[in-house]
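Below you'll find the structure, written out as structure tokens, and then a few comments.
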Amino acid sequence: MTTIIKGNIVSASAPGSLEITEHGYLVSEDGVIAGVYQELPPQYRAAEAEDWGDCLILQSLTDLHTHAPQYPMLSMGMDLPLLDWLNAYAFPTEARFADPGYAREVYRWLARDLLANGTTRVCIFSSLHRQATLILMEELEKAGIVGYAGKVNMDRGGGAGLQETTEESERETLRWLDECRQFRHVRPILTPRFTPSCTDELMAFLGGLARERSLPVQSHLSENLAEMDLVRRLHPDCRQYWETYAKFGLWNHQTLMAHCVHSDARERKAMRDAGVTAVHCASSNNSICSGIAPVRVLMNEGVRVALGTDVAGGSSISMFDAVADAIRASKDRRILDRWQTDFLTVAEGWYLGTSAGAAFFGDAPGFAAGNPLHALALDDSRLLQPHPLSVRERFERCVYLRQPGAIRAVWSAGRKVFSAD
Ligand code: GUN
Ligand code: FE
């Protein structure tokens with residue numbers, strides 16, 4: 001099947017550059033992008049184009065770090081630092097997902113809200129509950145979202161309401177891996193919550209699984225100074241936090257590490273050398289006062305960087321917000337660094353929220369031929385336009401300015417999965 005989307009096509013074709021085709025055509029065949037054209041090639045002229053007029057046609061976004069069972073506490077309870085915040089707010093909220101009915105209701109909303117905000121790909125934490133994790137995967141799959149979801153492993157530090165024994169954690173993980181084979185677009189990712197939540201025995205088990213089954217891994221790294229102190233006390237044999245993952249085989253090119261706020265040159269080099277992706281979550285880092293991640297330095301040093309919302313440490317599900325917040329954080333970093341580090345431009349921020357995240361799924365940057373079609377149509381016509389604006393100016397405004405209802409349609413893996421009408 002041929003899909004032709006006509007409009008003002010903007011994509012992040014390389015870090016820091018935008019490719020803009022005004023009133024152009026984005027063409028996909030059987031869900032795979034064939035190309036972006038100013039003039040429609042003859043072979044497509046018989047096919048019907050969806051004409052989006054003056055709308056912006058953008059890549060949809062990829063959220064590489066977020067917590068599904070924290071969606072009920074979005075934009076609440078951000079008055080404590082990480083470890084206290086986990087105990088006071090996050091763990092009690094996640095404990096509710098022992099109830100499958102509750103999970104079903106929340107995850108149906110979540111899947112719909114992700115699409116309405118233009119996010120079509122995710123790497124997402126569930127809670128430790130196997131059944132709720134399967135429900136999450138099912139709701140994402142039904143909505144048409146692509147990605148990885150992980151049953152959280154935590155056999156220590158969760159308190160009475162949210163903790164498994166080591167044996168339970170291992171058994172439930174194996175069962176979950178068996179039971180989630182039915183899903184096509186949502187795949188499993190191993191999810192040791194973070195080092196303080198997992199005993200060595202559990203970490204070794206997960207490292208073995210990652211190796212045997214070639215599974216990706218997601219976790220947290222060097223987010224908060226008190227957390228890092230705790231990790232040092234738990235692992236006196238490790239010089240740095242990252243080594244507590246590396247020594248168990250949880251550190252490679254399929255690994256996502258959220259935050260990396262306080263990663264120093266040695267830890268950043270370990271990321272670069274292993275091909276680990278640092279997932280920058282600026283809203284969360286600000287909301288729970290973790291710090292300001294050195295996102296520009298990470299990029300300059302060749303570390304793979306992408307963005308996440310980190311709901312509900314982060315206060316918005318929108319990856320547009322994640323992009324704008326990352327740009328603002330990079331400017332705060334520049335000020336703190338006495339103007340020694342560059343900030344992120346809008347084009348660079350957009351690249352991180354789209355193409356850099358999509359790279360984890362094997363995509364080439366932008367709307368490259370061969371990529372699966374992940375796109376959205378954005379109508380900014382309700383904004384003030386007293387004088388003509390270029391497409392680039394309109395795009396920049398849309399990165400910063402949230403307009404309820406402006407995302408009119410969303411395509412994921414070649415299918416239209418959301419329509420605002
Ligand atoms: N570290 C361990 N768990 C969490 C979590 O749920 N959110 C954040 N921001 N950091 C964590
Ligand atoms: Fe997180």
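Both ligands and their constituent atoms are indexed starting at 1 by order of listing.
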Near ligand 1, which protein residues have a heavy atom under 4.0 Å away?
His67, Gln70, Leu82, Trp85, Leu86, Arg193, Phe194, His220, Glu223, His259, Ser284, Asp310
Centroid separation under 6.0 Å, is that true for the rings of His65 and His220?
yes
Output side-chain donor-acceptor pairs under 3.5 Å for residues 155-165, partner residues at least two apart or in another chain, one line each.
unit_1 : atom_1 : unit_2 : atom_2 : d
Asp155 : OD1    : Thr199 : N      : 2.8
Asp155 : OD2    : Thr166 : OG1    : 2.7
Asp155 : OD2    : Thr199 : OG1    : 2.6
Arg156 : NE     : Pro196 : O      : 3.0
Arg156 : NE     : Cys198 : O      : 3.4
Arg156 : NH2    : Thr195 : O      : 2.9
Arg156 : NH2    : Cys198 : O      : 3.0
Gln163 : OE1    : Gly157 : N      : 3.0
Gln163 : OE1    : Gly158 : N      : 2.7
Gln163 : OE1    : Gly159 : N      : 3.4
Glu164 : OE1    : Lys151 : NZ     : 2.7
Glu164 : OE2    : Met154 : N      : 2.9
Glu164 : OE2    : Ser169 : OG     : 2.6
Thr165 : OG1    : Glu168 : N      : 3.0

Does His220 bring an N, O or S atom to within less than 2.8 Å of the Fe ion (ligand 2)?
yes
Decide, yes or no, whether a salt bridge links Arg121 with Asp63 under the criterion of side-chain N to carboxylate O below 4.0 Å.
no
Does the pair Lys6/Glu50 count as a salt bridge with the N-to-O cut at 4.0 Å?
no
Taking both backbone and side-chain atoms into account, decide whether Cys281 has an N/O/S atom under 2.8 Å from the Fe ion (ligand 2).
no
Does Asp310 put an N, O or S atom under 2.8 Å from the Fe ion (ligand 2)?
yes
According to ring-ring contact (aromatic ring centres under 6.0 Å, His included), who are the partners of Phe320, at least two apart in sequence or on a separate chain?
Trp350
Output all residues satisfying ring-ring contact (aromatic ring centres under 6.0 Å, His included) with His129, sequence neighbours left out; order by chain, then residue number.
none
About how large, to 10 degrees, is the angle NE2 of His67, then the Fe ion (ligand 2), then NE2 of His65?
100°
Do Asp379 and Ser381 have side-chain atoms, one donor and one acceptor, less than 3.5 Å apart?
yes
N-O pairing of Arg296 and Asp342 below 4.0 Å
no
